[in-house]
Amino acid sequence: MNIPPDLALAIQRGKTDLPYFAKELLGMPMHKGQKKFAANSCEKVNILIPGNRWGKSVYLALRHIWANFYKQGVVSRNSDSWAKTNYLTLNLGPKLENAKVVADYVEQILKSSFPIRQDDGSEKSNRCLLEWFLLGRDTAPQIQLHFANNSHLLIRSTRDDKGSSIQGKKFGYASYDECSRSLHLEMEVKANILPRLTDFNGKLDLASTPDAAGGASLVYFQEIFWKGGGEGHAKSQGFYSQEGSVYENEFLDKASILELERTLAGDPLAEQILHGKFVITGDVVFPVTEINKAKRDMPETIHYKTGHEYIIGCDTAMASDEFCFTVVDVSVEPFEVVRFSSRKGNSDAPEMHLQNLIDVFDEYNKEYQCTLWLETFNGEAGMWYSMLPDHIKSQTKLFGSWRPPGVSKHQVDKKEKIMLSLRKLLSEEKIIFSRNHKKIINQLAIYTMNKSREKNLKTDAVFATALAAYGATDGKPAIDEIQFIETEW
């Protein structure tokens, strides 16, 4: 192909300058927020939290065209070898409709059909100088765009396979649009995406507005947002984070922004929608920020220490639910989760579950400083209590509707009570746990008191931990020891 000298010079300059490449070769000027992200998103993992209408998917489309055009990361000794190298970029989404938007934009841009708002309010299509670069698009069995230099853009959904469909492939660049809506983001990033970027030293852009429905993934998403320097946190090597305000997008109609401001007046989501702030709302009980603050680089198991007092919260199970117990050291500030166990109720005989609980109780009860809080909301749970050895029964508190025969029920036990105890400890930063206690962390992130949602969620780890928290705070006896009072008659 004969390329005019002026175009050849522009192509040479665009190799290291995405905003220039987008404006001069694709006819797509970028706004200042997009330019900032282009200049700074040079880390292995780059996190973008944009407000609505910031232009997130447009930016990702431009980034994919740029990576494919120059085959970024390909090192070849000659042009023939470079041309023959098969090169892939990847755009993921929790659902296919999330992921395909980027492919649609790439196609529009390269066909000079992307509408750009003009100063007078009219729209004009971009003028692309590289229309020849797009060869075609496959829509079945999966969406894929093909380019003239043996490069390709793959579009994939992680909804069903957590990204395992990309196994065996290598990519020069990857993006994950609306990643916070994934239910398995941490596993997808660490196990499936990052290893696929190794050969070409590719970068990963994670772009999403925080979504409370993402549940457990929000914990990880905020954690890496902080690692990238988000919300004033110290930046870690390998991560970059940026917020995106709608006011950065100079191509938006100002009247539309004013109307959006009026519509969102007093809405807690206004900071997120307008300014790209990390704001979480919804019916979850335990805020993601508080969960992340409680995570520590500490062992999953800390054995008995002389002079320490321990509380064990236990949520029993027989069938597919999980038999969970959480051990909390309440002699330190903040309280520490020093052990956690979780096994399906039908994975072992009841006697095996019971023996495991007895062994752990006895380890932490060497100085008779351990109390067991047992969930007893049904007769099945009562069976577990009846099987306990007498020395443990004497140090066991019950929480639920069931009581042993002859024992009066002096209070109405409700789940809200123990959940409130754990929520208070988290909000006051008075309880910590290992960042490797994934089951506790993930279940805290999705726990809700919404009955229609709660019945479909695994929450046994939360209940066991909340029971221990309740035993250490609101459920603690008002008088801890017998006091002898002298009096005169």
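Computed from a predicted model, the values in this text were never measured in an experiment.
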Does anything in [range] form a ring pair (Phe, Tyr, Trp, His ring centres under 6.0 Å)? List the pairs, not counting sequence neighbours.
{"range": "residues 38-58", "value": "H31-W54"}
{"range": "residues 89-110", "value": "Y105-F114"}
{"range": "residues 424-443", "value": "none"}

Please list, chain by chain and in numerical order, all residues satisfying side chain to side chain donor-acceptor pair (under 3.5 Å) with [X], sequence neighbours excluded.
{"X": "T326", "value": "T465"}
{"X": "T198", "value": "none"}
{"X": "Y173", "value": "D205"}
{"X": "N78", "value": "none"}

Practice item. Begin with the C-alpha distance, continue with both residues' side-chain angles, and end with the deciding distance and a verdict on side chain to side chain contact (heavy atoms under 4.5 Å, CB included) for L26 and W66. Key: CA-CA 10 Å; L26 304 179; W66 189 47; over 6 Å; no
Under a 3.5 Å distance rule, please check whether [X] uses its side chain to pair with a backbone N or O of [Y] as donor and acceptor.
{"X": "K439", "Y": "S342", "result": "no"}
{"X": "S122", "Y": "Q118", "result": "no"}
{"X": "Q242", "Y": "G33", "result": "yes"}
{"X": "S217", "Y": "S182", "result": "yes"}
{"X": "R196", "Y": "K169", "result": "yes"}
{"X": "K344", "Y": "A317", "result": "no"}
{"X": "R343", "Y": "H353", "result": "no"}
{"X": "S180", "Y": "T209", "result": "yes"}

Review point. Can you list the residues that meet the side-chain contact (heavy atoms from CB on, under 4.5 Å) rule with A207, with sequence neighbours excluded?
Key: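 side-chain contact (heavy atoms from CB on, under 4.5 Å) check on A207 returns L48, K56, L60.
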Review point. Taking only residues at least two apart or on different chains, which pairs with a member in residues 28-55 satisfy salt bridge (charged side-chain N to carboxylate O under 4.0 Å, His left out)?
Key: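 For residues 28-55: E43-K235.
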Check your understanding: Quick one: salt bridge (charged side-chain N to carboxylate O under 4.0 Å, His left out) pairs with a partner in residues 244-259, sequence neighbours left out?
Key ->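 Of all non-adjacent pairs touching residues 244-259, those that pass salt bridge (charged side-chain N to carboxylate O under 4.0 Å, His left out) are R117-D253, E259-R262.
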Practice item. Mind running side chain to side chain contact (heavy atoms under 4.5 Å, CB included) on E243 and E271 for me, showing each step along the way? Key: CA-CA 11 Å; E243 298 169 342; E271 283 291 293; over 6 Å; no
If you round to the nearest 0.5 Å, how far is [atom2] of [Y] from [atom1] of [X]?
{"X": "I441", "Y": "S434", "atom1": "CD1", "atom2": "OG", "value": "7.0 Å"}
{"X": "M419", "Y": "T459", "atom1": "CE", "atom2": "OG1", "value": "6.5 Å"}
{"X": "S241", "Y": "F221", "atom1": "OG", "atom2": "CZ", "value": "8.0 Å"}
{"X": "L206", "Y": "Y176", "atom1": "CG", "atom2": "OH", "value": "9.0 Å"}
{"X": "L134", "Y": "K111", "atom1": "CG", "atom2": "NZ", "value": "6.0 Å"}
{"X": "N149", "Y": "F133", "atom1": "CG", "atom2": "CZ", "value": "4.0 Å"}

Practice item. Check step by step if side chain to side chain contact (heavy atoms under 4.5 Å, CB included) holds for T89 and F171. Key: CA-CA 5 Å; T89 66; F171 300 94; 5.5 Å; no
Less than 4.5 Å apart, any side-chain heavy atom of [X] and any of [Y]?
{"X": "H152", "Y": "L88", "value": "yes"}
{"X": "N91", "Y": "S175", "value": "yes"}
{"X": "I166", "Y": "L154", "value": "no"}
{"X": "Q108", "Y": "P115", "value": "yes"}
{"X": "R435", "Y": "D297", "value": "yes"}
{"X": "V462", "Y": "D315", "value": "no"}
{"X": "I273", "Y": "V246", "value": "no"}
{"X": "L218", "Y": "Q222", "value": "no"}

**Study point:** Short N-O contact, E336 and R296, less than 4.0 angstrom
**Key:**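 Result for this pair is no, no salt bridge flagged.
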Exercise for review: Using a strict 4.0 Å threshold on nitrogen-to-oxygen distance, state whether K424 and E428 make a salt bridge.
Suggested key: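 No, this pair does not count.
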Practice item. Scan for side-chain hydrogen bond (donor to acceptor under 3.5 Å, both in side chains) pairs involving residues 12-25, sequence neighbours excluded, and state none if there are none. Key: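 Listed once each, the pairs would be none.
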Ignoring hydrogens and geometry beyond distance, is a side-chain donor-acceptor pair present between [X] and [Y] at under 3.5 Å?
{"X": "T158", "Y": "H184", "result": "no"}
{"X": "E131", "Y": "S112", "result": "yes"}
{"X": "S57", "Y": "D177", "result": "yes"}

May I ask you to decide if the ring planes of [X] and [Y] are parallel, tilted or perpendicular, using 30° and 60° as cut-offs?
{"X": "F463", "Y": "F377", "answer": "perpendicular"}
{"X": "F37", "Y": "Y59", "answer": "perpendicular"}
{"X": "Y470", "Y": "F399", "answer": "perpendicular"}

Under 3.5 Å donor-acceptor pairs involving side-chain atoms of residues 93-103, not counting sequence neighbours:
residue	atom	partner	partner atom	Å
N98	OD1	K95	N	3.2
K100	NZ	D104	OD2	3.0

Check your understanding: Counting only heavy atoms not in K430, do more than 12 sit closer than 6.0 Å to its NZ atom?
Key ->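 Open.
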Minimum-distance pair of heavy atoms, taken over all atoms of [X] and [Y]:
{"X": "F340", "Y": "A461", "result": "CZ-CB, 3.5 Å"}
{"X": "V45", "Y": "L194", "result": "CG2-CD2, 4.0 Å"}
{"X": "N126", "Y": "I109", "result": "ND2-O, 3.0 Å"}
{"X": "L130", "Y": "L110", "result": "O-CD2, 4.1 Å"}
{"X": "G172", "Y": "Y87", "result": "CA-OH, 3.3 Å"}
{"X": "P19", "Y": "M30", "result": "CA-SD, 3.5 Å"}

Check your understanding: After noting the C-alpha distance and the side-chain angles of E231 and W226, does the key distance pass the side chain to side chain contact (heavy atoms under 4.5 Å, CB included) rule?
Key -> CA-CA 7 Å; E231 296 184 334; W226 286 354; 2.7 Å; yes
